[in-house]
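Report on the following structure.
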Amino acid sequence: GWLRLRRRVTAIVLAFTLGLGTNVVFLAHAVPVAAVTDNSSVFTFKNTSSFGGRDMVQNYTPPAGTATNCPTGLSVNWTCSFTSDTFTTGQTMSAGTAQADLYVENQPTGPTNDYSNGYTFVASAGSVSSIALTKMANLQSGDVIIAHISLRGGTSNGTITKPSASWNLVDRIDSGTSVTLAVYSLVAGSSEPASYTWSWSSGAVRAVGIMRNFAGVDPNAPVDGHAGATESSASTTHVAPSVNAAYANEMRVVGIADASNNTCNTISGWNLTSGFSSGSGGGSSQVNGSFFYATTYLPAGPTGTLTATCGNDIAATHQLTLKPTPTPSCTVTATLKKTTPIQLRADSTATMDSGTSLVLDTPAGTQQDDLMVAIVAGNGTTGMTPPGGWTQTSSAAGGGAWQYTYRRIATASEPATYTWSFDTTGRVAAWMGSYIGVNTASPYDASVQANQNGTTHTTGNLTTNSANELLVVAFSLAASATFTTPSGLVPEAAVSSGGSPAESLAVFDTIQSNAGAVGQKTSTSSASAQGFNIVSAFRPIASNTVTLGTATMSLGSITSPTLQSVSIATSAATFATGDRLVLDVSVPNDGANCGVRLSYDEAATPSKLTVATIVPEGIAGLLLLAPALPVGLRWWKRRRP
């Protein structure tokens, strides 16, 4: 109408407004997955496993209550994966930025001993005036080394010269003229010498040197509390004094130098490194050095004493605490991926009430390279012969009943049916399914079978060796019965034969998002009889997962679940039917800086992922042109004769 009235500018403005409004309304409802109500670009983490692992769903607001944690406790070296619903063919995601809003806490355990860096010790073979300790093979810059030098002679040893000015004398304890324990610390630099040498002015004595390195220690003030204790009479028990730890989670280190060749006993909660001198003269002329460090951590305050049992002799003892890094920095990685998980294309069922052959239809639409799985269960029959080209995956039998699982990779030309033959008549229930996205070269990973007589049926323990594997779980029973759906599984089929006793079969499946232990699955049958269950795991195609983007963030000390956001630059993606988005949140094996836990699915901790708007392929260009259509119409009208 406006065009007819030749109000051109006004018409153009109205056309652009209408077109832009159409774009906004469409885009707001174009994201991304199959369910018609899923029209938001926000995926909120939910404590369910409908999509093969931990879910992230649209249009979901977590209720108030108790948050779900992943992992359950503060920990290191973990990955938690969250999976979306499925997309449909033709949907695309433009390159852009996704944002992960994560409620996390970080409470590192404190200093740690790095076993790969090791330790060194030297016990002199005779009377010496110096001792050299070799640098740890993999010493890292910033590690703190604690060295214990144990000498016979006590105060008569004179001055002890340290390797360099970089070493700090923590304490020297002389128990009369019997024994000396000198304790030193060093913050390792980027270039350390091959060895460190201590010497003393008194001349030749027996000596033991021990040193260990620790990570996660404050390099500016590594040693916090420290104290030594002397002894004046021989005893088999030696007590290191209590010191005060100003901070929680400090590492405790204890040294004991005793005037004998008897190694100290081990102590629960502590690790012990020890060495003793050797050579002529017997134990009365030797010295033992024992180095303990705690494997448990305490709150701030007094550490308490440590008592060790060694030789019946005079000793010098010492305890110190190592201060944790004041500002831990834990690198958390968030990775957004597109994955094409294994999914069931189609299936078929069949039963045999009597007779010696069972015919199973090839599932409709089966295509080349599909994984075909057949599960056949029965009773009363003997001597089963499968059709050619099928490989037996697993079996269970007993009490006149049985269950078998077979597999094959579909060829370009599959027959309409497959026939299983039996030597004698009986009752059989069977299922066949064709799956998309399975590794065709090496589809089968593992399986486990179990049998129970009754109404409760629980699968055995199974471990998968790769992520996103297909689990096919089948329960069978020598009776006419139904089965409840185990938690975390999707029901695919339930079928029962006639005859007496009948044979019933129920098939379920799911995707195991992470490699590792598979939780046991329990189903309850409506009748009590001899039953079997088999869990079979199949590997996905390696190329099924494409990384769209990854980003990291650094966590300091966080004492309660706190929102931390990370932006992920993502590449463009085109989706096929069945594709999903997966967000992996990973924490490294760094106990000095990391003790992380993720909270989600609670009103105060709604961890979530926000992605760019996704629209059906081919629509975006039309939407962008929509505002120009009235202008084009005006141009066309002006050109009419």
Could you tell me if S421 and T385 have a donor-acceptor pair between their side chains, going purely by distance under 3.5 Å? no

Tell me whether the rings of F45 and F82 are parallel (<30°), tilted (30 to 60°) or perpendicular (>60°). parallel

Going by distance alone, is a donor N or O of one side chain under 3.5 Å from an acceptor N or O of the other, for T83 and R580? no

Test of understanding: with side-chain hydrogen bond (donor to acceptor under 3.5 Å, both in side chains), list the residues that count as partners of N593, not counting sequence neighbours. D590

Under 3.5 Å, side chain of S84 to main-chain N/O of L581, donor-acceptor pair present? yes

Please identify each residue that fulfils side-chain hydrogen bond (donor to acceptor under 3.5 Å, both in side chains) with T349, with sequence neighbours left out. none

Under 3.5 Å, is there a donor-acceptor pair between the S434 and T366 side chains? yes

With sequence neighbours excluded, what pairs up with T464 under the side-chain hydrogen bond (donor to acceptor under 3.5 Å, both in side chains) test? none

Taking only residues two or more places apart in sequence or in another chain, which ones pass side-chain hydrogen bond (donor to acceptor under 3.5 Å, both in side chains) with S354? none

Parallel, tilted or perpendicular: ring planes of F87 versus F575, cut at 30 and 60 degrees: parallel

Tell me whether W420 contacts the main-chain N or O of L360 through its side chain, where contact means a donor paired with an acceptor under 3.5 Å. no

Listed partners of K337 passing salt bridge (charged side-chain N to carboxylate O under 4.0 Å, His left out), at least two apart: D584

For E105, which residues count as a salt bridge (charged side-chain N to carboxylate O under 4.0 Å, His left out) partner, sequence neighbours excluded? R597

Could you tell me if the side chain of V373 sits less than 4.5 Å from the side chain of S536, heavy atoms only? no

